[in-house]
Amino acid sequence: MADPKGFLTTGREVARTRPVGERVKDWNEVYVPGSLLPIISKQAGRCMDCGIPFCHNGCPLGNLIPEWNDYAYREDWEAASERLHATNNFPEFTGRLCPAPCEAACVLGINQPAVTIKNVEVSIIDKAWDTGDVRPQPPERLSGKTVAVIGSGPAGLAAAQQLTRAGHTVAVYERADRVGGLLRYGIPEFKMEKRHINRRIEQMRAEGTKFRTGVEVGRDIDAAKLRRRYDAVVIAAGATTARDLPVPGRELSGIHQAMEYLPLSNKVVEGDFVSPPITAEGKHVVVIGGGDTGADCVGTAHRQGAASVTQLEIMPRPSDDRPGHQPWPTFPMLYKVTSAHEEGGERVYSVSTTHFEGDEDGNVQSLHLIEVEFVDGKLTQKPGTERVIPAQLVTLAMGFTGTDVQNGLVSQFGLELDERGNVARDADFATNVDGVFVAGDAGRGQSLIVWAIAEGRSAARGVDRFLTGASELPAPIRPTDRALTV
C-alpha cells in the first residue's frame, strides 16, 4: 500500500485546464503543461491497494493499477512504466481519451471521490517518454509468417504491435493518408495532440511494423487477393457506418456527419488546409448527439469562431450523482461537463428533431424540435412543445451502426455478420473465413478506446496461435465480454 493514510489525508485533485479565453484560440491540449507531476505522487498515494481491486474489473485491459500507483507514489517511474506497459500498448492514448471505467469501479469511490487513476496513468507514460524509458522492442527472431492488419486505429495498432513483437512480419493498411484511424482524424487536437500518435508509430516502425497508407481494402485492393498474399489477416476497420437522421430537410447543404466535419479541422492542424472546407465560423451551430463525439464537435466549433453552439440530446439529462439503479462498481451514466462544455454553448435534453428548413439556395437555416418523454417505456412527443432554433451548420453525432459494408471488404472476404451488423467471430476472434480475424469495433460494435486496445491484444493471441500452434501473448478479454453494467 502506497500511503496507508493517503485516502484519509489527501483529497482528489485533477489536472488543471488552461483558461477558456486562451485555449479556444489554439488547438493545443486543454491542460496546463506540467501541472500533474507536482501533485501526482500524492494522488497515487490515495490508492488503498485493495485486497480485491475492483478497478481491474472496470478496465478490460486488466491494468495493474494498484501496482503502478504504488510505484508512482514512490516516484519509481521506470518500474511504473514497466507495469503500465505490461497490459497496455498505448497508455498515453487511454490516459487522455478513456472515460475511465476503472475510476467508476474504484473501491474508494463507494463513499469518497475515486483515485485519479487516469491522471496517474498519463503522468507515468509522459514521464517515461521524457526519460527515454519507452524504447522499441523488436523481436529476437522472425517467424517467417506474414500478417496484414486492416485499419490503424487503436485495435489495429495494438494487434500489429503485439504480432510484430511475436516475430511475425506485419503490414498495416490504412485508407486515410496518415496512420491513426479515428485517433488521427476523429479526435480533435485539443483532446490529444497528434505528436503522441507519431512517436508511437516511429516506435512501431523501429520494431519492424510496415504501414501502407492511402489504401482501402475492398476498393483499392481486392480483399480476397490480400488474403492470398498473407498468412493471416486482421480486420480492425472500425464501425464507421454513421447513424443518420432521416427527417425532412436532411438533404440541405450544411448538415454533416460528425466524421465529415471533425477530420477537416485536424487536417488544418496537419497543414493540409489553410481553413477547413466545412467551418463553423460566424454560424449558428447545432450538434445533434450528447456523447463524446458531440462534445468534440462543440469544442471544434468554439475554436472556429461559431456565433452560437447548441447541443441536442434525445435522452433526459443524466443525474449529477450515481443513480441507485447503477450501483458501484458499474459504470454510471452521469452528467458530464467536458472541457468543450466549459467553453460555452447550450445543452438541451429530452428533445427530438422533427425537420430542417433552408433558404432559397438550399442551405440549412433552422431546426425544428419538440420535447419528448418516456411514457410506458416508449419515447413520446409532448404536444405544444415545438420550437425553432437557428442552424446554419448541423453536425450529426449520434453514433455508429456497424462496419462499412459498402466498400466491398465484407463481400470480397465472404464474411458473416451477426444480428447487429458486426463481423461475426469465434472465441479466438476468428471469422468464418480461414485465417481472417476481426478486432475492435468491426466485431464488437461502437465502443471505447480501452476496449479496442484490449480487442487488438486478444485478437493477436488468436492470430499467433493460428500461425504457430501456440501463443504466449496475453488475451485480456473474450469476444463475448462486455462492460460491467447492471
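Partners of Glu313 according to the salt bridge (charged side-chain N to carboxylate O under 4.0 Å, His left out) rule, which considers only residues two or more places apart in sequence or in another chain, do not exist here. With sequence neighbours excluded, the residues forming a salt bridge (charged side-chain N to carboxylate O under 4.0 Å, His left out) with Arg96 are Glu29, Asp126, listed by chain and number. Every residue two or more places apart in sequence or in another chain that forms a ring-ring contact (aromatic ring centres under 6.0 Å, His included) with Phe466 is listed here: Phe437.
A salt bridge links Glu202 and Arg205; the closest N-O separation between the charged side-chain nitrogens and carboxylate oxygens is under 4.0 Å. For Lys118 and Glu103, the salt-bridge test fails: no basic side-chain N is under 4.0 Å from an acidic carboxylate O. Look at Arg303 and Glu343 and you find a salt bridge, because one of the NZ, NE, NH1 or NH2 atoms lies within 4.0 Å of a carboxylate O, short of that distance.
Asn198 pairs in a side chain to side chain donor-acceptor pair (under 3.5 Å) with only one of the listed residues (Gln203, Arg184, Glu193), which is Arg184. For the pairing with Arg175, the side chain to side chain contact (heavy atoms under 4.5 Å, CB included) check across Ile150, Asn407, Leu409, Val217 returns one residue only, Asn407.
Other residues, nucleotides and ligands place more than 12 heavy atoms under 6.0 Å from the CZ atom of Arg482. A 6.0 Å sphere centred on NZ of Lys210 holds no more than 12 heavy atoms belonging to other residues, nucleotides or ligands. Within 6.0 Å of OH in Tyr31 there are 12 or fewer heavy atoms belonging to other residues, nucleotides or ligands. More than 12 heavy atoms of other residues, nucleotides or ligands sit less than 6.0 Å from atom CD of Glu342. Within 6.0 Å of atom CD in Glu251, more than 12 heavy atoms from other residues, nucleotides or ligands are found, so the atom counts as buried in its surroundings. Counting heavy atoms of neighbouring residues, nucleotides and ligands inside a 6.0 Å radius, atom CD of Gln406 does not exceed 12 of them.
Among residues at least two apart or in separate chains, side-chain hydrogen bond (donor to acceptor under 3.5 Å, both in side chains) pairs with a member in residues 138-153 are Ser143-His168, Thr146-Asp231, Ser152-Glu174. Here ring pair (Phe, Tyr, Trp, His ring centres under 6.0 Å) pairs that include residues 203-260, with residues two or more places apart or in two chains, number zero.
Donor-acceptor pairing under 3.5 Å is recorded for the side chains of Asn88 and Thr94. Counting only N and O atoms by type, the side chains of Asn89 and Arg457 include a donor and acceptor under 3.5 Å apart. Defined by atom type and a distance below 3.5 Å, a donor-acceptor pair is present between the side-chain atoms of Gln304 and Tyr261. There is no side-chain donor-acceptor pair under 3.5 Å between Thr209 and Gln161.
A distance-only check finds no donor-acceptor pair linking the side chain of Ser123 to the backbone of Ile40 [under 3.5 Å]. Arg322 places a side-chain N or O within donor-acceptor distance of the main-chain N or O of Thr330, the cut-off being under 3.5 Å. Remark: the backbone N or O of Thr401 is not paired with any side-chain donor or acceptor of Thr241 at under 3.5 angstrom.
Taking CE from Met204 and OG1 from Thr164, the interatomic distance works out to 6.0 Å, rounded to the nearest 0.5 Å. The CG atom of Leu97 lies 6.0 Å from the NZ atom of Lys191; values are rounded to the nearest 0.5 Å. Atoms CG and CG, from Leu312 and Leu367 in turn, are 6.0 Å apart once rounded to the nearest 0.5 Å. One distance of note links OG1 of Thr353 with CG of Leu245; it measures 5.5 Å at 0.5 Å rounding.
The side-chain tip of Arg317 points at the ring of Tyr335 from less than 6.0 angstrom away and within 45° of straight on.
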Return a table of donor-acceptor pairs under 3.5 angstrom between the side chains of residues 61-68 and protein atoms on other chains or two or more places apart.
from	atom 1	to	atom 2	distance (Å)
Asn63	OD1	Thr87	OG1	2.5
Glu67	OE1	Arg83	NH1	3.2

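Residues His302 and Val309 are in side-chain contact: their nearest non-hydrogen atoms beyond the backbone lie under 4.5 Å apart.
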Salt bridge (charged side-chain N to carboxylate O under 4.0 Å, His left out) evaluation trace for Arg178 with Asp272: CA-CA 12 Å; Arg178 293 181 178 89; Asp272 296 344; 2.8 Å; yes

